[in-house]
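One structure below.
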Amino acid sequence: MEQITDAGPPSGWKRALARAPIVFYRCGLGALLSRRFLYLVHTGRRTGKRREVVLEVVTSDARSITACSGFGAKAAWYRNILENPSVTIQSGRLRTSATATALDVETGVELMVEYGRRTPKLAARLTRVMGYRVDGSDEDFRALGREVRFVRFDHGG
């Protein structure tokens with residue numbers, strides 16, 4: 001894995017583009033984006049205000065959904081859920097309250113390898129957005145898994 005930029009969360013027009021899917025969820029059209037995405041409503045750690053972000057789903061089952069903080073521990077939503085893990089999520093038609101749990105680094109490493117194997121082209125594109133270039137090998141995805149952070153959102157189903 002090669003770090004190609006010191007990318008952080010997007011700003012300017014890139015931020016506006018990244019946040020555009022939030023409008024779909026606010027208008028009740030989030031189900032159109034499928035279960036590949038997770039709409040996360042959380043509480044700001046300093047302001048106590050409602051915050052929103054749309055994330056890509058890495059894995060899901062009947063009781064939980066896992067997503068990745070592509071900008072690691074410095075992403076605002078990630079720091080917010082560490083302070084207040086009670087959140088609201090929507091993925092597809094499911095909208096429910098959930099509890100966020102940050103996963104340990106080694107679990108994240110394995111999730112990143114699985115994700116890279118399952119969606120190699122998409123994983124390569126997303127890693128470039130995050131400021132990295134991977135060669136597609138398990139070892140590169142393991143190295144990236146040590147940089148990013150994964151969160152599991154447990155819900156009632």
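Distance alone, capped at 3.5 Å, places no donor-acceptor pair between the Thr119 side chain and the Gly116 backbone. Although no hydrogens or angles enter the test, the distance criterion places a donor-acceptor pair under 3.5 Å between the side chain of Asn80 and the main chain of Arg45. With hydrogens and angles disregarded, no donor-acceptor distance shorter than 3.5 Å links the side chain of Arg146 to the backbone of Phe141. A donor-acceptor contact shorter than 3.5 Å is absent between the side chain of Arg63 and the backbone of Ser60. Not a single donor-acceptor pair under 3.5 Å links the side chain of Asp138 to the backbone N or O of Val113.
Pairing each heavy atom of Pro21 with each of Leu33, the nearest pair is CB-CD1, 3.8 Å. Pairing each heavy atom of Phe153 with each of Ala98, the nearest pair is CB-CB, 4.3 Å. Nearest approach of Ala124 to Val134, heavy atoms of both residues: CA-CG2, 4.3 Å.
Cluster annotation: Met130 is connected to Leu103 through the hydrophobic network of ILVMFWY side chains, with a link wherever side-chain heavy atoms come within less than 4.5 Å. In the hydrophobic cluster analysis, where Ile, Leu, Val, Met, Phe, Trp and Tyr join through side-chain heavy atoms closer than 4.5 angstrom, Leu126 is grouped together with Leu111. There is a path of hydrophobic side-chain contacts, each under 4.5 Å, that joins Trp77 to Val57. Using a 4.5 Å cut-off between side-chain heavy atoms of Ile, Leu, Val, Met, Phe, Trp and Tyr, with links allowed through other members, Leu82 and Val53 fall into the same hydrophobic cluster. The cluster map of Ile, Leu, Val, Met, Phe, Trp and Tyr, joined by side-chain heavy atoms under 4.5 Å apart, puts Leu32 and Tyr25 in the same cluster.
Taking Ile, Leu, Val, Met, Phe, Trp and Tyr as members and joining any whose side-chain heavy atoms lie under 4.5 Å apart, directly or through other members, the hydrophobic cluster of Val109 also contains Val105.
Taken from CD1 in Ile22 to OH in Tyr39, the straight-line distance is 6.5 Å, to the nearest 0.5 Å. Between the CD1 atom of Ile65 and the CG atom of Leu38 there is a distance of 5.5 Å, given to the nearest 0.5 Å. Here the CE-CZ distance, from Met112 to Arg149, works out to 13.0 Å after rounding to the nearest 0.5 Å. Here the NZ atom belonging to Lys74 is positioned 10.0 Å from the CZ atom belonging to Arg79, to the nearest 0.5 angstrom. For the atom pair CZ of Arg152 and CZ of Phe150, the computed distance is 13.5 Å after rounding to the nearest 0.5 Å. The distance from the CD1 atom of Ile81 to the OG atom of Ser69 is 8.5 Å, given to the nearest 0.5 Å.
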Item to complete: Please lay out, stage by stage, how Leu55 and Leu40 fare under the test side chain to side chain contact (heavy atoms under 4.5 Å, CB included).
Response: CA-CA 7 Å; Leu55 307 167; Leu40 170 64; 4.1 Å; yes
Worksheet item: Going through the checks in order, is the side chain to side chain contact (heavy atoms under 4.5 Å, CB included) test met by Thr101 and Asp154?
Response: CA-CA 8 Å; Thr101 304; Asp154 296 303; 3.9 Å; yes
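By the 4.5 Å heavy-atom criterion applied to side chains, Thr99 and His155 are not counted as neighbours. Taking the side chain as every heavy atom from C-beta outward, His42 and Arg50 never approach each other to under 4.5 Å. Looking at Glu83 and Thr43, their side chains never come closer than 4.5 Å, going by heavy atoms from C-beta outward.
Legend: residues meeting ring-ring contact (aromatic ring centres under 6.0 Å, His included) with Tyr115, ordered by chain and number and at least two apart, are absent.
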Result block: side-chain N/O donor-acceptor pairs under 3.5 angstrom for residues 87-94, not counting sequence neighbours:
residue, atom, partner, partner atom, Å
Gln90, OE1, Arg95, NH1, 3.2
Gln90, NE2, Gly92, O, 3.2
Ser91, OG, Arg35, O, 3.3
Ser91, OG, Phe37, O, 3.0

